[in-house]
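The structure under discussion appears below in the form of structure tokens.
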Amino acid sequence: MPRASKRKSDAVKSSHAGPAPKKPTKEVERIDKFFASYANTSIGMIDPEGVEKLCSDLSVEHTDVRILMLAWKMNAQKQGYFTQEEWRTGLKSLRADTLKKLKKELTELEKEVAKPNNFEDFYCYSFRYCLTEDKQKSLDIESVCVLLDIVLGPNFQLQVDSFCEYLKIQKEYKVVNMDQWTNFFRFCQEIEFPDLKNYDACQAWPLILDNFVEWLREKPKSV
């Protein structure tokens, strides 16, 4: 059998070799350096302590809705934690590779989230982000009320206050699921409040909202 050509063998070998990994851009290097200033090196992520430090440096409370917006922009999957890839995704999109730039971009992020399609996505994301246990599908009433006040309160404070008052005194529901969460947003958008004259219980509303409306209609009007 003739000996195989060494040159041909080398050619076959090189054809199977994958492309050389791309060197990170200068921007990504700066974003990674920014990430490292908050990351817990033992787990390779920004943990709750790092998020708290970030909030302090940004001069915002950890309950500020803009931190939740930042998590949405990163598509962060675990509450209180940012992976390096999530951090890269969010900050590259914001073009913020330093603390000073990130502070400035938070205002622009608020404007981005305020767009109707984005806000609906953000509203749904905020619920999923707070599901911290495996296979968890609902949130307890206290958490729902806190989250509603942060996410929806600025636009629908009267509806949020009334719904949270109802949730805290009623006895039927201990948790709220995603369907109920999303339908409350639809309720805020579509139903005239506080007169409720266009609310029709025959439409496809969750029972929790039918009960809420019934409670409101029976509630003594303040003088």
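Positions are given from 1, in the same order as the sequence printed here. Treat the numbers as computed from the prediction; the structure is a model and nothing was measured.
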Has the side chain of [X] got a donor or acceptor atom that lies under 3.5 Å from a matching backbone atom of [Y]?
{"X": "Glu86", "Y": "Gln77", "result": "yes"}
{"X": "Asn198", "Y": "Glu190", "result": "yes"}
{"X": "Arg217", "Y": "Leu196", "result": "yes"}
{"X": "Thr89", "Y": "Glu85", "result": "yes"}
{"X": "Tyr129", "Y": "Gly80", "result": "yes"}

So with a 6.0 Å cut-off around [atom1] of [X], is the heavy-atom count from everything else above 12?
{"X": "Gln189", "atom1": "CD", "result": "yes"}
{"X": "Arg95", "atom1": "CZ", "result": "no"}
{"X": "Lys101", "atom1": "NZ", "result": "yes"}
{"X": "Gln170", "atom1": "CD", "result": "yes"}
{"X": "Glu142", "atom1": "CD", "result": "no"}
{"X": "Lys53", "atom1": "NZ", "result": "yes"}

Discussion item. Parallel, tilted or perpendicular: which one describes the rings of Phe163 and Phe184, with boundaries at 30° and 60°?
Written reply: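 Geometry flag for Phe184 against Phe163: parallel rings.
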Any side-chain heavy-atom pair of [X] and [Y] under 4.5 Å:
{"X": "Leu91", "Y": "Met74", "result": "yes"}
{"X": "Val213", "Y": "Tyr166", "result": "no"}
{"X": "Leu167", "Y": "Phe212", "result": "no"}
{"X": "Thr63", "Y": "Val146", "result": "no"}
{"X": "Thr182", "Y": "Phe127", "result": "no"}
{"X": "Leu58", "Y": "Asp64", "result": "no"}
{"X": "Leu207", "Y": "Tyr173", "result": "yes"}

Hey, can you pull the donor-acceptor pairs under 3.5 Å for the side chains in residues 147-159, sequence neighbours left out?
| residue | atom | partner | partner atom | Å |
| --- | --- | --- | --- | --- |
| Asp149 | OD1 | Gln157 | NE2 | 2.9 |
| Gln157 | NE2 | Asp161 | OD1 | 2.9 |

What is the minimum heavy-atom distance between [X] and [Y], and which atoms define it?
{"X": "Tyr125", "Y": "Leu68", "answer": "CE2-O, 4.2 Å"}
{"X": "Ile31", "Y": "Arg88", "answer": "CG2-CA, 4.0 Å"}
{"X": "Tyr199", "Y": "Leu209", "answer": "OH-C, 3.4 Å"}
{"X": "Phe193", "Y": "Leu216", "answer": "CE1-CD1, 3.7 Å"}
{"X": "Cys145", "Y": "Lys168", "answer": "SG-CE, 3.9 Å"}
{"X": "Ile208", "Y": "Gln180", "answer": "CG2-CG, 3.8 Å"}

Hey, what do you get for [atom1] ([X]) to [atom2] ([Y]), rounding to the nearest 0.5 Å?
{"X": "Leu139", "Y": "Ser126", "atom1": "CG", "atom2": "OG", "result": "9.0 Å"}
{"X": "Thr132", "Y": "Lys78", "atom1": "OG1", "atom2": "NZ", "result": "9.5 Å"}
{"X": "Asp57", "Y": "Ser37", "atom1": "CG", "atom2": "OG", "result": "7.5 Å"}
{"X": "Asn211", "Y": "Trp215", "atom1": "CG", "atom2": "CH2", "result": "12.0 Å"}
{"X": "Leu106", "Y": "Met69", "atom1": "CG", "atom2": "CE", "result": "9.5 Å"}
{"X": "Thr25", "Y": "Arg30", "atom1": "OG1", "atom2": "CZ", "result": "7.5 Å"}

Worksheet, complete the sentence: Lys219 meets the side chain to side chain donor-acceptor pair (under 3.5 Å) criterion, sequence neighbours left out, with Glu165
Item to complete: Give every residue pair that meets the ring-ring contact (aromatic ring centres under 6.0 Å, His included) criterion with at least one member in residues 38-62, sequence neighbours excluded.
Response: Phe34-Tyr38
Fill in: For Tyr123, all residues meeting ring-ring contact (aromatic ring centres under 6.0 Å, His included), sequence neighbours excluded
Trp181, Phe185
Practice prompt. Answer yes if the side chains of Gln136 and Asp134 hold a donor-acceptor pair under 3.5 Å, and no otherwise.
Written response: no
Item to complete: Please list, chain by chain and in numerical order, all residues satisfying side chain to side chain contact (heavy atoms under 4.5 Å, CB included) with Gln203, sequence neighbours excluded.
Response: Asp200, Trp205
Solution key, residues 110-120 side-chain donor-acceptor pairs under 3.5 Å, sequence neighbours excluded:
| residue | atom | partner | partner atom | Å |
| --- | --- | --- | --- | --- |
| Glu112 | OE1 | Lys73 | NZ | 3.1 |
| Glu112 | OE2 | Lys73 | NZ | 2.6 |
| Asn118 | ND2 | Glu112 | O | 2.8 |

